[in-house]
Protein chains: 2
Amino acid sequence: MSQLDHSLIAGLPQFQGMTSEELDHVLANARSQRIAKDTTIFEQEGEANSFFLLLDGHVRVVKSTPDGQQVIVRYISSGELLGIAHALGRTTYPASAVAAVDCVVLAWPSRLWSRFSAQYPAFGVGTYKTVGSRLQEAHTRVIEMSTEQVEQRVAHALLRLANQTGKKTAEGVLIDFPISRQDIAEMTGTTLHTVSRLLSAWETKGLVRSGRQKVTVVEPHKLFMLAEGRPKKD
Amino acid sequence: MSQLDHSLIAGLPQFQGMTSEELDHVLANARSQRIAKDTTIFEQEGEANSFFLLLDGHVRVVKSTPDGQQVIVRYISSGELLGIAHALGRTTYPASAVAAVDCVVLAWPSRLWSRFSAQYPAFGVGTYKTVGSRLQEAHTRVIEMSTEQVEQRVAHALLRLANQTGKKTAEGVLIDFPISRQDIAEMTGTTLHTVSRLLSAWETKGLVRSGRQKVTVVEPHKLFMLAEGRPKKD
DNA sequence: CGGGGCGTTGACAGATGTCAACGTGTGTGG
DNA sequence: CCACACACGTTGACATCTGTCAACGCCCCG
């Protein structure tokens with residue numbers, strides 16, 4: 001395994017304040033791994049042998065119900081940790097992770113989790129902060145699912161994706177990984193049919209432009225209005 | 001302020017492994033407080049000046065949307081921490097907490113949070129474990145909201161309440177604090193009308209007995225069947 | 001060039017919210 | 001101690017959102 005460079009992780013909150021030697025030590029225990037698009041990184045219920053840092057790409061975290069329905073829990077962007085089952089006190093992964101595009105990850109054996117947390121304060125603090133903010137996200141989502149109609153939920157979901165991973169283009173903000181109607185449906189608790197109808201309607205109104213596995217938000221502000229209030233007509 | 005007894009907190013995971021002096025120190029900084037039924041313990045968006053341990057009673061944690069709709073995030077039972085905004089890296093409470101019955105709580109100033117975590121390993125570990133398991137609960141709820149019909153969600157919610165706070169009676173398992181149709185609706189993202197209809201139907205089938213602010217699960221197993229599978233008729 | 005994955009659209013049905021009216025029992029104040 | 005008001009619960013009628021079923025078109029990629 002070739003030596004990995006500090007710059008890969010030096011800027012991330014979890015590794016803040018580490019000396020050069022400490023970064024070396026952390027990286028010496030990591031293995032870097034290329035993940036082809038649509039490959040599973042880890043599987044729900046599988047033994048949580050490793051935890052990961054996404055260096056490049058986008059990863060879809062998916063939970064499946066016993067009867068086979070899938071729900072997309074979140075998308076992970078580069079620089080984020082994933083597979084942190086041990087931070088939740090689990091020994092198996094609570095969900096599956098699939099590369100949405102070709103990805104590069106660093107992987108550490110899970111037993112290093114507690115060592116890192118104990119040894120490097122920033123690591124412990126940073127990751128628990130991550131868990132905390134994911135808890136808040138999850139609650140936000142529960143609130144949305146409880147109080148909003150499908151149209152508002154889909155609008156919110158698109159706006160979040162655009163903010164987190166959006167890429168400015170001439171037409172607007174492009175969600176920069178392939179995403180299907182089915183994917184959006186699994187994020188918002190609806191069906192691909194309803195998502196398709198909504199996107200078509202929005203396209204007519206000029207709010208978005210979308211095509212095969214591709215969505216661009218053209219009018220974020222107007223979409224936000226839709227996501228929030230409930231203007232009957234327009 | 002009278003001296004508080006070790007036995008109040010000695011058994012809880014967060015205070016495991018502390019010496020008698022340490023427990024004294026922790027309790028010396030706490031103030032114990034009676035909370036009358038329906039009183040607000042802390043308010044959403046309010047400054048998180050304190051964190052709490054529920055010694056006795058039941059507390060409803062509620063989030064309100066800007067337009068006034070409410071969602072019950074969870075019920076807290078005795079022995080659990082609440083108001084742990086600082087564990088999430090927040091300085092304001094993300095939700096409101098209301099006493100569902102007369103309660104007793106211990107309250108500590110929030111600035112002691114980081115001191116306790118640093119000083120008492122079990123406290124830090126225990127509370128992060130709490131956050132972790134709440135994250136998993138929240139995800140479970142997202143999955144349910146995404147994939148289940150209202151009837152299944154309400155059944156699941158009742159079963160959870162019965163498990164967490166149920167009291168065995170001659171008729172079955174009684175949820176041992178006052179809970180209205182409206183409350184159940186706010187837990188499951190539906191309306192009091194639908195909940196009322198469901199409970200009436202279940203009562204006819206002998207699965208539950210319910211009355212004013214009171215629900216008893218008579219046939220947990222059959223209710224579970226309903227919550228899981230989707231038997232068309234019966 | 002062809003097949004399969006993705007997307008679109010219409011018709012329809014069913015679950016659940018909305019609106020409205022009416023019980024009922026619990027607690028309070030006279 | 002009784003009466004009454006109000007919170008909580010029930011139920012029907014109806015509207016509507018959104019899922020289901022079905023058919024079809026269009027690209028991409030092999």
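In what follows, chains are A, B, ... by sequence order, proteins preceding strands, each numbered from 1.
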Distances under 3.5 Å between nitrogen or oxygen atoms of protein and nucleotides 3-5 of chain C:
{"residue": "C/dG5", "atom": "N2", "partner": "A/R212", "partner atom": "NH1", "Å": "3.0"}

Residue pairs fulfilling ring-ring contact (aromatic ring centres under 6.0 Å, His included) with at least one residue in [range], sequence neighbours excluded:
range                       : answer
residues 161-180 of chain A : A/H58-A/F177, A/Y75-A/F177
residues 144-168 of chain B : none
residues 77-99 of chain B   : B/F42-B/Y93

Of the listed nucleotides (C/dA15, D/dT11, D/dG19), which one gets closest to any side-chain atom of A/V150?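 Of the options given, the side chain of A/V150 lies nearest D/dG19.
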Contacts of A/E151 that satisfy side chain to side chain contact (heavy atoms under 4.5 Å, CB included) - sequence neighbours left out: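 Per chain and number, A/E151 pairs via side chain to side chain contact (heavy atoms under 4.5 Å, CB included) with A/L198, A/W202, A/L226.
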Could you give all pairs that pass the side-chain hydrogen bond (donor to acceptor under 3.5 Å, both in side chains) test and reach residues 129-138 of chain A, with sequence neighbours left out? A/Q14-A/T130, A/R74-A/E137, A/Q136-B/R90
Whole angstrom value for the distance that separates P of C/dT16 from CD of A/E148: 19 Å
With sequence neighbours excluded, residues passing side-chain hydrogen bond (donor to acceptor under 3.5 Å, both in side chains) with [X]:
X      : answer
B/E171 : B/R209
B/T127 : none
A/E219 : none

Which ones in residues 176-191 of chain A lie close to DNA chain C, meaning a heavy atom under 4.0 Å from one of its atoms? A/S180, A/R181
Contact residues, residues 195-203 of chain B to DNA chain D [heavy atom, < 4.0 Å]: B/S196, B/R197, B/S200
Does a side-chain heavy-atom distance below 4.5 Å link A/V195 with A/E186?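 No. Closest side-chain heavy atoms not under 4.5 Å.
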Determine all donor-acceptor pairs shorter than 3.5 Å in which one atom belongs to a side chain in residues 47-57 of chain B; sequence neighbours excluded.
{"residue": "B/S50", "atom": "OG", "partner": "B/R31", "partner atom": "NH2", "Å": "3.3"}

Tell me if the side-chain of A/H193 makes a donor-acceptor pair with the base of C/dT9, cut-off 3.5 Å, by modelled atom types. yes
